[in-house]
Visitor: 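One structure, pasted below without further comment.
A note on names: the letters A, B, ... follow the listed sequences, proteins ahead of strands, and every chain is numbered from 1.
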2 protein chains.
Amino acid sequence: MRSLTRVSTTRTFKRLPREIREQQVLDAAVRVFSHHGFHTASMDEIAEVAGVSKPMVYAYLGTKEELFIACLRREATRLMEAIADVVDPTLGLSDQLWSGLRAFFAFVGAHRDGWAVLYRQARGQEPFAAELAAMRRRIVDVIADMLDRAVRAEGRQIHGIDLEVSAYALVGAGESLADWLADHPDADPDKTAGRLMNVAWLGAAQLLRGDVWAPGGSEPPVTSRDAA
Amino acid sequence: MRSLTRVSTTRTFKRLPREIREQQVLDAAVRVFSHHGFHTASMDEIAEVAGVSKPMVYAYLGTKEELFIACLRREATRLMEAIADVVDPTLGLSDQLWSGLRAFFAFVGAHRDGWAVLYRQARGQEPFAAELAAMRRRIVDVIADMLDRAVRAEGRQIHGIDLEVSAYALVGAGESLADWLADHPDADPDKTAGRLMNVAWLGAAQLLRGDVWAPGGSEPPVTSRDAA
DNA sequence: CCGTAACTTAACGCGCCAGTAGGTTTCTCC
DNA sequence: GGAGAAACCTACTGGCGCGTTAAGTTACGG
């Protein structure tokens, strides 16, 4: 049974070391996953986009699920490193936050596909959601710690869970704006970071000072304003 | 060809009007979708959980995709109504926000599955993400409008896109905390709402006053470019 | 220029699941 | 009490895509 294998193709196949191939496959996988979603994406398409045959994908990266996890880890690591490279722990809280946010939005602006995989895909699909949640938890803890140190530096204190929830809100706002950024290619990452600082940090600064919003009266909750 | 239909089962099946069955199926679908995700969930399981045979599901709610959309719409409608029922447009901005947030978190606390479907599932799966995005867009516009009116009431003005992004950040923080709430069954929805008010509103109040955060040494990030 | 390892194409099995065909039981209303 | 509709079932099927294998082909090292 003669199978019609391409006989006279001039196309020549570069032989590349495994590491490079793996990165190419991961690149393709991130793109395909981000466009189609985990389940809808097909391994055949990923292989094709990577310019590699399907058995290679399986040989190097394993099953579809393992491949997706590899994508997750790579993108998350890149993101974390991009931020860690830039944040200077000797600086003040607001400066740390500012530089971190700038790096964060810059990364998302430059890796929209990766962000889509991390944020939109992994969050819902249960095997991965847990892993993703653990990563976010680490970030939240870092932020909460920063807040805590800043508060203590002012000689005051905030209850742990309040800190955690505040940090969670900040992280959530950041993720949400990142999502917005991913959908607005013309938007400027730096400006987005600045806007988030405006909304979030001004509020956080109040918190650090000990100002608290109270639901009681119907008056504007403003803090140091001439009281009504 | 004899098909072995159950002949002598004593088990009798309650016959219920279509409307009730539909709700039961939707309840089951929301539960299953929220646990497994759209693709991983099987129609067989939904039917089983609903206590109904599969053809019933198809007869009443249509295909899997249509069923999911029905879930989406029902949960979203419930959520919107829960909020709209409570917000009094004659009140001030902060009170509207506060009552809206309370209703929002109360709903999420009481309908965790529904929230999971709306937020974690629909956001990633492409046919639905667009629909969901449109809903969020409406909410963002409402918030941005509230901010805008409040700012104008103070005789000032904020550029449209800044308003939009600020509103987006607030909504994102809210969604994120709702997510947190869904994972912490013991947490108190009202307290969570209060914490978000603390972080977000105090910051927003500053914004309304015209205060702008500026990075330590370098250029100012955003809003009122009166100076530069 | 030969052997070997990196690749390829081209199948295929198999499980899973959306969706359907067709029959049976209860309700309703005249 | 009977006819027609509406509620409900069991049991199949068709297809798709993961994961794998078999057999051939090209490059590279010595």
Visitor: Round to a whole Å and report the spacing from NE2 of B/His39 to C1' of C/dC16.
Guide: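 Result: 15 Å.
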Visitor: Toward the 5' end of DNA chain C, which comes first, A/Pro17 or B/Lys64, by nearest nucleotide?
Guide: A/Pro17
Visitor: What nucleotide, of C/dT8, C/dG19, D/dG19, holds the atom closest to the side chain of A/Met56?
Guide: C/dT8
Visitor: Ignoring hydrogens and geometry beyond distance, is the side chain of A/Lys54 in donor-acceptor contact with the base of D/dG19 at under 3.5 Å?
Guide: yes
Visitor: Could you tell me whether the phosphate oxygens of C/dT8, OP1 or OP2, come under 4.0 Å of any side-chain nitrogen or oxygen in A/Tyr58?
Guide: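 No, outside the criterion.
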Visitor: May I ask you to decide if A/Ser42's main-chain N or O and A/Glu45's side chain share a donor-acceptor pair within less than 3.5 Å?
Guide: no
Visitor: Under a 4.0 Å N-O cut-off, is there an ion pair linking A/Glu75 with A/Arg78?
Guide: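 Salt bridge present between A/Glu75 and A/Arg78.
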Visitor: When we call it a touch if two heavy atoms are under 4.0 Å apart, what does A/Ala41 touch: a base, just sugar-phosphate, or nothing?
Guide: sugar-phosphate
Visitor: One thing to verify: whether B/Arg120 and B/Asp183 come together as a salt bridge, which I'm taking to mean a side-chain N less than 4.0 angstrom from a carboxylate O.
Guide: yes
Visitor: Measure the distance from CD on A/Glu65 to C1' on D/dG17 and round it to the nearest whole Å.
Guide: 15 Å
Visitor: Output the rounded distance in Å from OH (B/Tyr60) to C1' (C/dG19).
Guide: 18 Å
Visitor: Please give, in whole Å, the distance from C/dG19 C1' to B/Leu67 CG?
Guide: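 Distance check: B/Leu67 CG to C/dG19 C1' gives 13 Å.
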Visitor: Take atom CD of B/Glu19 and atom C1' of D/dA7, then tell me their distance rounded to the nearest Å.
Guide: 15 Å
Visitor: Scan for salt bridge (Lys or Arg N to Asp or Glu O under 4.0 Å) pairs involving residues 22-40 of chain A, sequence neighbours excluded, and state none if there are none.
Guide: A/Arg18-A/Glu22, A/Asp27-A/Arg74
Visitor: Would you say the side-chain atoms of B/Gln96 pair up with the backbone N or O of B/Leu91, donor to acceptor, closer than 3.5 Å?
Guide: yes
Visitor: Report the distance from atom CG of A/Asp44 to atom P of C/dT9, rounded to the nearest whole Å.
Guide: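 These atoms are roughly 12 Å apart.
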Visitor: The side chain of B/Ser42 lies closest to which of these nucleotides: D/dC18, C/dC17, C/dT8?
Guide: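 Within the option list, the nearest is C/dC17.
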Visitor: Which listed nucleotide (D/dC8, D/dC18, C/dA6) is nearest to the side chain of A/Arg15?
Guide: C/dA6
Visitor: Output the residues of residues 26-34 of chain B in contact with DNA chain C, where contact means a heavy atom of the residue under 4.0 Å from an atom of the strand; sort by number or write none.
Guide: none
Visitor: Measure CD/A/Glu48 against P/C/dT8 and give the value in whole Å, please.
Guide: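 For the pair A/Glu48 CD and C/dT8 P, the rounded distance is 12 Å.
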Visitor: Name the residue closer to the 5' end of DNA chain D, choosing between A/Met43 and A/Pro55 according to the nucleotide with the nearest heavy atom.
Guide: A/Met43
Visitor: Give a yes or no on whether the backbone of A/Leu132 and the side-chain of A/Arg123 come within a donor-acceptor separation of less than 3.5 Å.
Guide: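 No.
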Visitor: Rounded to the Å, how far apart are B/Leu16 CG and C/dT26 P?
Guide: 14 Å
Visitor: Salt bridge check, B/Glu164 against B/Arg137: does any charged N sit closer than 4.0 Å to a carboxylate O?
Guide: yes
Visitor: Classify A/Arg18 by what it touches in the nucleic acid, base, sugar-phosphate, or nothing, heavy-atom distance under 4.0 Å.
Guide: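 Result for A/Arg18 = nothing.
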